[in-house]
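Structure first, commentary second.
To find a chain, count down the sequence lines: A is the first, B the second, and so on, and within it residues start at 1. Computed from a predicted model, the values in this text were never measured in an experiment.
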2 protein chains.
Amino acid sequence: MSTGAVYIVDDDEAIRDALAWLFQSRGVDVETFVSAEAFLDKWSPGTSGCLVLDIRMAGMTGLELFDRLREMGARLPVIFLTGHGDVPMAVSALKKGARDFVEKPFNDNDLVDMVIDALAWEATQRENAADAASLAARLASLTLRERQVMERVLAGKLNKVIADDLGITMRTVEVHRAHLFEKMGVKTAVELAQLMSTRR
Amino acid sequence: MSTGAVYIVDDDEAIRDALAWLFQSRGVDVETFVSAEAFLDKWSPGTSGCLVLDIRMAGMTGLELFDRLREMGARLPVIFLTGHGDVPMAVSALKKGARDFVEKPFNDNDLVDMVIDALAWEATQRENAADAASLAARLASLTLRERQVMERVLAGKLNKVIADDLGITMRTVEVHRAHLFEKMGVKTAVELAQLMSTRR
DNA sequence: ACAGGCATTGCGGATGACCACACTGGTCAC
DNA sequence: GTGACCAGTGTGGTCATCCGCAATGCCTGT
């Protein structure tokens, strides 16, 4: 798992080149795009990294690309660059989850530091998302009965009560319980509770 | 528990009065302050509500008041008002946790809506903080041994193993276990795990 | 038709959790 | 010094959990 690259989207070739050189010189992988559309072509749910996005571009603007990516489920951190941004635009972008909003001219080193932070953040987010997905998958693999038993185990009910509750025998509850513990990859009810509590 | 008031800090009397009237007409409790210093006098850790803060004021500026409050542990949501803010100022304020950053002239209704949202948010935050404090208090009431046993219970260890671990008898572990369950207000290990997992 | 997964149940035993009762010893505060 | 609190221990019993072994009925896909 290497940490992702920085994706620079700007229709000004001079800026693309300058930024690409800047990041490369600091050891950050870079890919550049001439337009929002070009990045959308490249993007897939597996794309990992950080976006540096010019606001004002021909065609789709940076803000529009940002919205589009969010709609498509992208969770990449986005740093906006702008020559002459206004306050409402900056506020709206940040409130929608942009990572930062930087006016040109900016300090090169600061930008690289921001990107490096964003890359690290994105990597941990990606891990968390993977954990959540794995948990969801395991949850989905449970049968109806197993889910019903799990709910009641998490509610602290005794097997006897659960059995009564579901109109089945204690022995059957035990079987379901063992199965769901197996599927969820836990050995005790305590572990199960922790697993289910952290992510929600 | 009523939801808190909106605290308006602005050195322009006309604006204070206009905002006070605006909020009152929408049923929101209002208090106004002529300066950042005046609000600091009034503030205490129990102060509940939402701040509407002019940036440019004689004496301490809105941004300085914001920083000062954060240092003192205040978690009040803050909405900044500014006549001529610049982008870096807005970005910095939002990244430091300001709720919003609004340029004059602004839409009255939008501001009230923002404040109402902020008040609701603050109320739930306050509840969460109270729960966390109560949990911390209960945790602090545990004796050393009880904490040691709790850790190991949460690690899914059996009483036998815990006993071995701590060099004491199973019986003693059972006693500590019962005591800590009592103090933490839970009846089962599962409840304990849920209690400890949600807040961390 | 047959394999495989799911839900169900029974029996019995090993192990663990929980509890009431009883007792020792140390520290700390009033 | 006496009471409150903490830590530690024992006996004995009840209830719960966990497992292996064995079996039945249903449904689905090959």
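Distances were taken from every side-chain heavy atom of A:R177 (C-beta onward) to each of C:dT8, D:dC18, D:dT9; the shortest belongs to D:dC18. The side chain of A:I168 lies closest to C:dT9 when the candidates are D:dT17, D:dG8, C:dT9. Picking from D:dA7, D:dT17, C:dT9 the nucleotide with the shortest atom distance to the side chain of A:L158 gives D:dT17.
Between B:F101 and B:F80, the two ring planes are tilted [angle within 30° to 60°]. Ring-plane geometry between A:F33 and A:F39 is classed as perpendicular, the angle between the planes exceeding 60 degrees on a 0 to 90 degree scale with a lower cut at 30.
Residue contacts for B:M170: at a heavy-atom cut-off of 4.0 Å it reaches no nucleic acid atom on any strand shown. Nucleic acid contact for A:T143: sugar-phosphate only, since backbone atoms but no base atoms lie under 4.0 Å from a heavy atom of the residue. Looking at heavy-atom distances under 4.0 Å, B:H176 makes contact with sugar-phosphate atoms alone, never a base. When heavy atoms are screened at a 4.0 angstrom cut-off, B:R171 is found touching base atoms of the nucleic acid.
Considering only side-chain N and O atoms, A:T172 lies nowhere under 4.0 angstrom from the phosphate OP1 or OP2 of C:dA7. A sub-4.0 Å separation between OP1 or OP2 of D:dT9 and a side-chain N or O of B:T169 is present. Put simply, B:K160 has a side-chain N or O that comes within less than 4.0 Å of OP1 or OP2 on C:dG16. Phosphate proximity of C:dA17 to B:N159: present, with a side-chain N or O under 4.0 Å from OP1 or OP2.
The NE2-C1' distance, from B:H179 to D:dC6, rounds to 9 Å in whole Å. Rounded to whole Å, atom P of C:dA7 lies 9 Å from atom CZ of A:R147. Rounded to a whole Å, the CD atom of A:E146 is 13 Å from the P atom of C:dG5.
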